[in-house]
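Values in this document were obtained by computation on a predicted structure and should not be read as measured data.
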Amino acid sequence: MGILNNKVSISKIAEDLGVSVSTVSRALSGSGRISDATRQRITEYLKDKKLVPNTRMKKYTDVTTNMVAVIFPDINHISVLPYFYHVFFSIYNYFSIRGYQVFPVMAGKENMENVERLVEQHLVDGIVLTHGNTGKWIIEYLQKCGVPFVTLGSVNDPEIPQVETDDEGASRDITNALIHRGLYRIAIIGGEKNSLLNRRRYKGILSAHVQNHMVIDEEYVFFHIESENSAEIAVDKILSGRQDCILCMDAHICLDVLKALRKTKAEIPADIKIASLYDSEFLDQWCPAVSCVHFDLDALGREAAKLLYRNLTEYGAMTDAFLGYEIRMKESTN
């Protein structure tokens, strides 16, 4: 029997084995999550019957839906809500007037099924990842499947189209502004130490100290502060060490620090100054208002939409976008 007569459809394989067509497709393509036992079962079926799956190499972009997904990570702090709100609606506004439907999707390491469903059922033409740290597992999956996507925030891969913000420059400039106000003993509170974003922010802080011939006191540098309890421990140590200022590396950390300071009855800015490397509408509503780095979130979403739209419609190489920032010094550092 010639090889052409050995062809078998994916639907026939699925019917014979009592599994779904998408399961067979994932097993044959090597993409998506599937158990080793199921993959081996399909492989042995083909081998025993000397069959060849009737598939052709088809690009993901061969099919169009005029739909775009915006992927959000699991939201674990209220301070990030304004970020996702502004980003989503700027993306929505850009695509909707061009005939696309846009919808949000929650996804993370524990719920990849949402992304897999989008891709396997080809529900969207492209995807915007709203956070570069959403997870390499999602990025690798989209790359493997050939799905057009862009990321907001830096990822350590020059092949991935991304909209970057100058976090290193912003961190350097706000640190310089604090030092020029006579705040020489600056405590630093951050989240995950090894994330690309925090490494860039810390590099900017270090750069400002070097420019001013100063050395950071590492005793008052705190990473992996991800809860109100851990923020309270850091704040107690900072206050006892009589530091001039607390520089928070993100808005949600700053809010936890502000709550911790309120419990200690410390007065801002009389007893301690405070600033944030990222702003939030919640920080603006705090009294006194917090000095921070401001990024144009509407522009961030719009640039991401532009990059993705260009790829979907012109099939051209997507170039990265690099956005600026504004240093906003407010009452918390007066």
Participant: What's the verdict on side chain to side chain contact (heavy atoms under 4.5 Å, CB included) for L118 and F103, showing C-alpha distance, side-chain angles and the deciding distance?
Facilitator: CA-CA 11 Å; L118 288 177; F103 58 94; 3.7 Å; yes
Participant: Check whether any side-chain heavy atom of V293 lies under 4.5 Å from a side-chain heavy atom of D279, and answer yes or no.
Facilitator: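 No, too far: nothing below the 4.5 Å cut-off.
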Participant: Under a 4.5 Å cut-off applied to non-hydrogen side-chain atoms, are L308 and P148 in contact?
Facilitator: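 Touching, per the 4.5 Å side-chain cut-off.
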Participant: Measuring only between side-chain heavy atoms, which start at C-beta, is D167 closer than 4.5 Å to L277?
Facilitator: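 With C-beta onward as the side chain, the pair stays apart.
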Participant: Would you indicate whether the side-chain heavy atoms of V257 and I238 approach each other to under 4.5 Å?
Facilitator: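 They are not in side-chain contact.
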Participant: Would you mind writing out the side-chain donor-acceptor pairs for residues 178-187 within the sub-3.5 Å range, not counting sequence neighbours?
Facilitator:
from	atom 1	to	atom 2	distance (Å)
H180	ND1	N176	O	3.3
R181	NH1	T333	O	3.3
R181	NH1	T333	OG1	3.4
R181	NH1	N334	OD1	3.2
R185	NH1	R242	O	3.1
R185	NH2	R242	O	3.2
R185	NH2	D244	OD1	3.2

Participant: Is it the case that one hydrophobic cluster holds both L123 and I127, taking links as side-chain heavy atoms less than 4.5 Å apart, direct or via other members?
Facilitator: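 Result: yes, single cluster for both.
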Participant: I'd like to know whether CZ of F95 has more than 12 heavy-atom contacts from other residues, nucleotides or ligands below 6.0 angstrom.
Facilitator: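 More than 12 heavy atoms, drawn from other residues, nucleotides or ligands, come within 6.0 Å of this atom.
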Participant: If Ile, Leu, Val, Met, Phe, Trp and Tyr residues are connected whenever their side-chain heavy atoms lie under 4.5 Å apart, and connections chain through other members, are V210 and L247 in the same group?
Facilitator: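 Not linked; separate clusters.
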Participant: Are C254 and V290 packed together at the side-chain level, in the sense that at least one heavy-atom pair is separated by less than 4.5 angstrom?
Facilitator: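 Yes, at least one pair of side-chain atoms sits under 4.5 Å.
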Participant: Under the criterion side chain to side chain contact (heavy atoms under 4.5 Å, CB included), I'd like the reasoning laid out for L323 against V163: C-alpha separation, chi angles, the key distance, then a yes or no.
Facilitator: CA-CA 7 Å; L323 299 185; V163 182; 4.1 Å; yes
Participant: Tell me if a side-chain donor or acceptor on D298 pairs with a main-chain N or O of S90 at a distance below 3.5 Å.
Facilitator: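 Not at all, since once roles are kept as given, no pair shorter than 3.5 Å links the two residues.
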Participant: What heavy-atom pair brings M67 and Y100 nearest, and what distance separates the two atoms?
Facilitator: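 It is N-CD2, 3.8 Å.
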Participant: Please find the pair of heavy atoms, one from K237 and one from Y220, that lie closest to each other, and give the distance.
Facilitator: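 It is O-CE2, 3.6 Å.
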Participant: Within the 4.5 Å heavy-atom criterion, are Y325 and T165 side-chain neighbours or not?
Facilitator: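 Side chain of Y325 against side chain of T165, heavy atoms only: no contact under 4.5 Å found.
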Participant: Parallel, tilted or perpendicular: which fits the ring planes of F89 and Y85, with parallel below 30° and perpendicular above 60°?
Facilitator: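 The rings of F89 and Y85 sit tilted, inter-plane angle from 30° to 60°.
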Participant: Rounded to the nearest 0.5 Å, what separates atom NE2 in H252 from atom OG in S227?
Facilitator: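 The OG atom of S227 is 10.0 Å from NE2 of H252, to the nearest 0.5 Å.
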Participant: Please find the pair of heavy atoms, one from I225 and one from A234, that lie closest to each other, and give the distance.
Facilitator: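 Heavy atoms only, the tightest pair is CD1-CB, 4.4 Å.
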Participant: Determine yes or no for a side-chain-to-main-chain donor-acceptor pair under 3.5 angstrom, with R328 supplying the side chain and C292 the backbone.
Facilitator: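 Checked: no pair found.
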Participant: State the CG-CZ distance between L258 and F282, to the nearest 0.5 angstrom.
Facilitator: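 So the gap between those two atoms works out to 13.0 Å.
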Participant: Hey, is the main chain of T65 close enough, under 3.5 Å, to the side chain of D125 for a donor-acceptor pair?
Facilitator: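 Side chain of D125 to backbone of T65, a donor-acceptor pair under 3.5 Å: yes, one is there.
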Participant: Is there side-chain contact between K259 and W286, with at least one heavy-atom pair below 4.5 Å?
Facilitator: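 K259 vs W286: side chains touch.
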Participant: Decide yes or no for R310 and K306: does some side-chain heavy atom of the first lie under 4.5 Å from some side-chain heavy atom of the second?
Facilitator: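 No. Closest side-chain heavy atoms not under 4.5 Å.
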Participant: Just to verify, what does K193 make a salt bridge (charged side-chain N to carboxylate O under 4.0 Å, His left out) with, not counting sequence neighbours?
Facilitator: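 By the salt bridge (charged side-chain N to carboxylate O under 4.0 Å, His left out) rule, K193 matches no residue at all.
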Participant: Taking all non-hydrogen atoms of both residues into account, name the closest pair between A304 and L152 and its distance.
Facilitator: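 What the structure gives for the nearest pair is CB-CD2, 3.4 Å.
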Participant: Name all residues meeting the salt bridge (charged side-chain N to carboxylate O under 4.0 Å, His left out) criterion together with R200; count only those two or more places apart in sequence or in a different chain, and write none if there are none.
Facilitator: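 R200 satisfies salt bridge (charged side-chain N to carboxylate O under 4.0 Å, His left out) with E164 only.
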Participant: So, the side chain of R98 versus the backbone of Y309: is there a donor-acceptor pair under 3.5 Å, distance only?
Facilitator: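 No, R98 side chain to Y309 backbone: no donor-acceptor pair under 3.5 Å.
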Participant: Check L307, I139, V128 against F149 for a side-chain contact (heavy atoms from CB on, under 4.5 Å) and give me the one that passes.
Facilitator: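 Exactly one candidate clears the test, I139.
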Participant: For the residue pair V105 and A69, what are the closest heavy atoms and their distance?
Facilitator: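 Looking at all heavy atoms of both residues, the shortest contact is CG2-CB, 4.2 Å.
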Participant: Test your reading of the model: is there a side-chain donor-acceptor pair from T64 to the backbone of N66, 3.5 Å cut-off?
Facilitator: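 Side chain of T64 to backbone of N66: no pair is present.
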Participant: Could you report the tightest heavy-atom contact between F295 and A170, atom names first, then the distance?
Facilitator: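 Shortest heavy-atom contact: CZ-CB, 4.1 Å.
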Participant: Could you tell me whether E44 and K47 have a side-chain N and a carboxylate O separated by less than 4.0 Å?
Facilitator: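 Answer for the salt bridge query: no.
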Participant: Hey, are D271 and K265 close enough for a salt bridge, meaning a charged N less than 4.0 Å from a carboxylate O?
Facilitator: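 Judged by the 4.0 Å cut-off on N to carboxylate O distance, D271 and K265 do not form a salt bridge.
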Participant: Within the distance-only criterion (no hydrogens, no angle test), does the side chain of Q162 pair as donor or acceptor with the backbone N or O of I160 below 3.5 angstrom?
Facilitator: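 At least one qualifying donor-acceptor pair exists.
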Participant: Classify the angle between the aromatic ring planes of F72 and F88 as parallel (below 30°), tilted (30 to 60°) or perpendicular (above 60°).
Facilitator: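 Ring orientation, 0 to 90° scale: tilted.
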Participant: Let me confirm one number: the OG1-CZ distance from T175 to R201, rounded to the nearest 0.5 Å.
Facilitator: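 Nearest 0.5 Å value for the OG1-CZ distance: 11.5 Å.
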Participant: Check the hydrophobic clustering (I, L, V, M, F, W, Y; side-chain heavy atoms under 4.5 Å; chains of links allowed) and say if I233 and L261 are grouped together.
Facilitator: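 Different clusters.
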Participant: Is it the case that the side chain of D217 and the backbone of E219 share a donor-acceptor pair, with hydrogens and angles ignored and the cut-off at 3.5 Å?
Facilitator: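 Confirmed, D217 side chain pairs with E219 backbone.
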Participant: Apply the test side chain to side chain contact (heavy atoms under 4.5 Å, CB included) to residues R117 and E113: give CA-CA distance (whole Å), side-chain angles for both, the deciding distance (0.1 Å), then the verdict.
Facilitator: CA-CA 6 Å; R117 189 179 304 110; E113 292 84 1; 4.2 Å; yes
Participant: One pair to check against side chain to side chain contact (heavy atoms under 4.5 Å, CB included): R41 and V19. What are the steps and the verdict?
Facilitator: CA-CA 11 Å; R41 186 176 168 217; V19 297; 3.9 Å; yes
Participant: How long is the gap from CD1 on I13 to CD1 on I42, to the nearest 0.5 Å?
Facilitator: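 Going from CD1 on I13 over to CD1 on I42, the span is 7.5 Å.
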Participant: Judged by atom type as modelled, is there a donor-acceptor pair below 3.5 Å linking the side chain of S332 to the main-chain atoms of S291?
Facilitator: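 Judged by distance alone, yes, a pair lies under 3.5 Å.
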Participant: Using a cut-off of 6.0 Å, state whether more than 12 heavy atoms not belonging to Q40 lie near its atom CD.
Facilitator: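 It does not: Q40 CD has 12 such atoms or fewer within range.
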Participant: Nearest 0.5 Å, please: how far is CD1 in I268 from NZ in K273?
Facilitator: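 K273 atom NZ to I268 atom CD1 measures 10.5 Å (nearest 0.5 Å).
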Participant: Could you tell me whether a side-chain N or O of S207 sits under 3.5 Å from a main-chain N or O of K203, the two making a donor and an acceptor?
Facilitator: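 No; judged by distance alone, with no hydrogens or angles, the pair does not exist.
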Participant: In Å, rounded to the nearest 0.5 Å, how long is the span from CZ of F223 to CG of N198?
Facilitator: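 Here the rounded value is 6.5 Å.
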